[in-house]
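Below is one structure, written out as structure tokens, with a few remarks after it.
Here, residue 1 is the first one in the sequence, and each next residue gets the next number. Note that the coordinates shown come from a computational prediction; the quantities given were computed from them, not determined experimentally.
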Amino acid sequence: MPLPLSGVLVVSIEQAVAAPQCTCRLADAGARVIKVERPEGDFARDYDHVVHGESTHFVWLNRGKESVTLDLGKAEDKALLERMLTKADVFVQNLKPGALAKLGFAVARLRKDYPKLICCSISGYGETGPYAQRKAYDLLIQAESGVASVTGGPDAPARVGVSIVDIAAGLNAYMAILEAVIARGKSGEGAEISISMFDGMAEWMTVPLLHGEWGTPFKRIGLAHAGISPYGVFKTRDGGDILISIQNDREWRVLAEKVLGDATLGTDERFATNIQRVANRPQTDGIVARVFATHDAAVLEEMLAKAEIGFGRVNDWELLLKHPHLRRITVETPTGTVKTPAPTPIFAGEERRYGAVPALGAHSEKIRKEFGGG
């Protein structure tokens, strides 16, 4: 059975994380993705050389693509890109705003010349506006959008430990392109899409922003929830860290009776509602901490599971490797096979296969012949 995007041609001038994240998902869904790289390659190839000498980021985000190297300062390579775009369904790029137009590939011109083409541009702050020309990397946007201000402990802001800005931008682009593909199936018209890394994080900051705007700003409290209590990490007798999440007052009453061993806490006016528990957070957390410290992690996990309380171990990468729910796929790279965490979707009755990570320019000769460039 063909994959959903079989027959769709994607041409992408991409680098780093955001655009490759988007086109990786398109490739997973069956699209043919031609990754256009500068002669020296996507600089993400050299972020590190950890996996068989390959970059971890590059291995993660470039499976199933074809790599062609183009020097877009040369007329013949510009002409080849133009011929590729005449046959493309989707064009993705994450160059600095204005850079594509200087090369002769302004999106407005492409939309006019190729009305069915779906063009998606990913940038830090969008194509226009006062910050449009600023350099925009993941951590810069975490800081600028306020994400860092709500991450970490009381003493200082912190970086989220993975590149959430880039990942979000790539997934936002992927979703928007899918919408445009569906719309084109009805109207026959392509689309012009702009994805801003800042916009993605600003939307994710809706709850902290509204809290602040309406007079109840969040305080940074580490691995806990500013607006819910108890919702945080508690240490067990044998040194384990267990995070619990009490989402409503009914769950609090269950926790009090079946785990904390004191049903009266469920109706105590200091703790009966979430608003009261947040107001009395030190006392609330203190009660939970004292009880948790009397049990080993395995015993507590059993008690919490039996009571149907939301909880999780605070794992690191080593414990993730052993996690019973970790699914992995095998991906071929130019220098050997790698097992990576599997993409999230599971389609019933369908076993997905994933393409190889390309060597730099591995498909250049083939693509030049196909599109008449040599």
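Side chain to side chain, Gln93 and Ser121 meet the donor-acceptor criterion of an N or O pair below 3.5 Å. No side-chain donor-acceptor contact under 3.5 Å links Ser194 and Glu192. Between the side chains of Arg277 and Gln283, no donor-acceptor pair of N or O atoms lies under 3.5 Å. Gln142 and Tyr137 share no donor-acceptor pair across their side chains, judged by distance under 3.5 Å alone. Side chain to side chain, Ser12 and Glu14 meet the donor-acceptor criterion of an N or O pair below 3.5 Å. A donor-acceptor pair shorter than 3.5 Å can be found between the side chains of Glu54 and Thr335.
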Is there a salt bridge (Lys or Arg N to Asp or Glu O under 4.0 Å) between Lys322 and Glu318? Walk through the geometry before answering. CA-CA 7 Å; Lys322 304 170 187 175; Glu318 289 181 288; over 6 Å; no

Using side chain to side chain contact (heavy atoms under 4.5 Å, CB included), reason through Asn274 and Asn248 one step at a time and then give a plain yes or no. CA-CA 7 Å; Asn274 182 63; Asn248 54 59; over 6 Å; no

Derivation of the side chain to side chain contact (heavy atoms under 4.5 Å, CB included) call for Val10 and Ile34: CA-CA 6 Å; Val10 178; Ile34 298 178; over 6 Å; no

Start with the C-alpha gap between Lys306 and Glu308, add the side-chain angles, then the distance that decides, and say whether side chain to side chain contact (heavy atoms under 4.5 Å, CB included) holds. CA-CA 5 Å; Lys306 188 174 181 180; Glu308 297 185 347; over 6 Å; no

Does the pair Arg111 and Glu189 meet the rule for a side chain to side chain contact (heavy atoms under 4.5 Å, CB included), with working shown? CA-CA 10 Å; Arg111 288 284 298 118; Glu189 286 292 314; 4.1 Å; yes

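For the pair Ser6 (side chain) and Pro2 (backbone), a donor-acceptor distance under 3.5 Å is absent. A distance-only check finds a donor-acceptor pair linking the side chain of Asp316 to the backbone of Leu319 [under 3.5 Å]. The backbone N or O of Val254 lies less than 3.5 Å from no partner atom in the side chain of Glu257, so there is not a single donor-acceptor pair. One N or O on the side chain of Asn280 and one on the backbone of Arg270 form a donor-acceptor pair closer than 3.5 Å. Side-chain atoms of Asn62 come within 3.5 Å of backbone atoms of Phe58 as a donor-acceptor pair (strictly under, hydrogens ignored).
Ion pairing between a basic and an acidic side chain is recognised when a charged N comes within 4.0 Å of a carboxylate O; Glu350 and Arg352 show such pairing. Ion pairing between Glu40 and Arg45 fails under the 4.0 Å rule for side-chain N and carboxylate O. A salt bridge is defined here as a Lys NZ or Arg NE, NH1 or NH2 lying under 4.0 Å from an Asp or Glu carboxylate O, and Glu301 with Arg313 meets this definition. Taking a cutoff of 4.0 Å between a charged side-chain nitrogen and a carboxylate oxygen, Lys65 and Asp42 do not qualify as a salt bridge. Checked for salt-bridge contact, Glu66 and Arg32 meet the test: a charged N lies under 4.0 Å from a carboxylate O. For the pair Lys366 and Glu370, the salt-bridge criterion is not met [side-chain N within less than 4.0 Å of a carboxylate O]. Between Lys116 and Asp89 there is no salt bridge, since none of the side-chain N atoms of the basic residue sits less than 4.0 Å from a carboxylate O of the acidic one. The pair Asp113-Arg109 meets the salt-bridge criterion, since a charged nitrogen lies less than 4.0 angstrom from a carboxylate oxygen.
The heavy-atom pair separating Ala143 from Ala148 by the smallest distance is CA-CB, 4.1 Å. The heavy-atom pair separating Cys22 from Ala173 by the smallest distance is SG-CB, 3.8 Å. Pairing each heavy atom of Gly124 with each of Ala136, the nearest pair is CA-CB, 3.3 Å. Minimum heavy-atom separation, Trp252 to Gly266: NE1-CA, 3.7 Å. Closest of all the heavy-atom pairs between Gly41 and Leu360 is CA-CD1, 3.5 Å. Annotation for Ala256 and Leu265: closest pair CB-CB, 3.8 Å, computed over non-hydrogen atoms.
Within 6.0 Å of CD in Glu203 there are 12 or fewer heavy atoms belonging to other residues, nucleotides or ligands.
Side chains of Arg220 and Pro154 form no contact here, defined as non-hydrogen atoms less than 4.5 Å apart. Side-chain atoms of Leu81 and Leu103, non-hydrogen and from C-beta on, never get closer than 4.5 Å to each other. At least one side-chain heavy atom of Phe292 sits under 4.5 Å from a side-chain heavy atom of Val259. For the pair Val68/Lys35, no side-chain contact is recorded, criterion being any heavy-atom separation below 4.5 Å from C-beta on.
Tyr131 and Tyr125 have perpendicular rings, their planes meeting at more than 60° on a 0 to 90° scale where under 30° would count as parallel. Taking the six-membered ring for Trp and thresholds of 30 and 60 degrees, His57 and Tyr47 have ring planes more than 60 degrees apart, a perpendicular arrangement.
A cation-pi arrangement, defined by a distance under 6.0 Å to the six-membered ring centre and an angle within 45 degrees of its axis, is absent between Arg83 and Phe371.
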Solution key, residues 226-237 side-chain donor-acceptor pairs under 3.5 Å, sequence neighbours excluded:
from: Lys235; atom 1: NZ; to: Asp241; atom 2: OD1; distance (Å): 2.9
from: Thr236; atom 1: OG1; to: Asp238; atom 2: OD1; distance (Å): 2.6
from: Thr236; atom 1: OG1; to: Gly240; atom 2: N; distance (Å): 2.8
from: Thr236; atom 1: OG1; to: Gly240; atom 2: O; distance (Å): 3.4
from: Arg237; atom 1: NE; to: Asp296; atom 2: OD1; distance (Å): 3.2
from: Arg237; atom 1: NH1; to: Thr294; atom 2: O; distance (Å): 3.3

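If you take OG1 on Thr56 and CG on Asp48, they are separated by 3.5 Å, rounding to the nearest 0.5 Å. Distance check: Ile141 CD1 to Lys135 NZ gives 13.5 Å after rounding to the nearest 0.5 Å. Note that CD of Gln133 is 10.5 Å distant from OG1 of Thr128, once rounded to the nearest 0.5 Å.
Trp60 and Val33 sit in two unconnected hydrophobic clusters of ILVMFWY residues. Membership requires side-chain heavy atoms under 4.5 Å apart, directly or through other members. Cluster membership check: Leu95 does not share its hydrophobic cluster with Leu61, using side-chain heavy-atom separations under 4.5 Å among Ile, Leu, Val, Met, Phe, Trp and Tyr.
For residues 153-175, no residue pair satisfies the salt bridge (charged side-chain N to carboxylate O under 4.0 Å, His left out) rule, not counting sequence neighbours.
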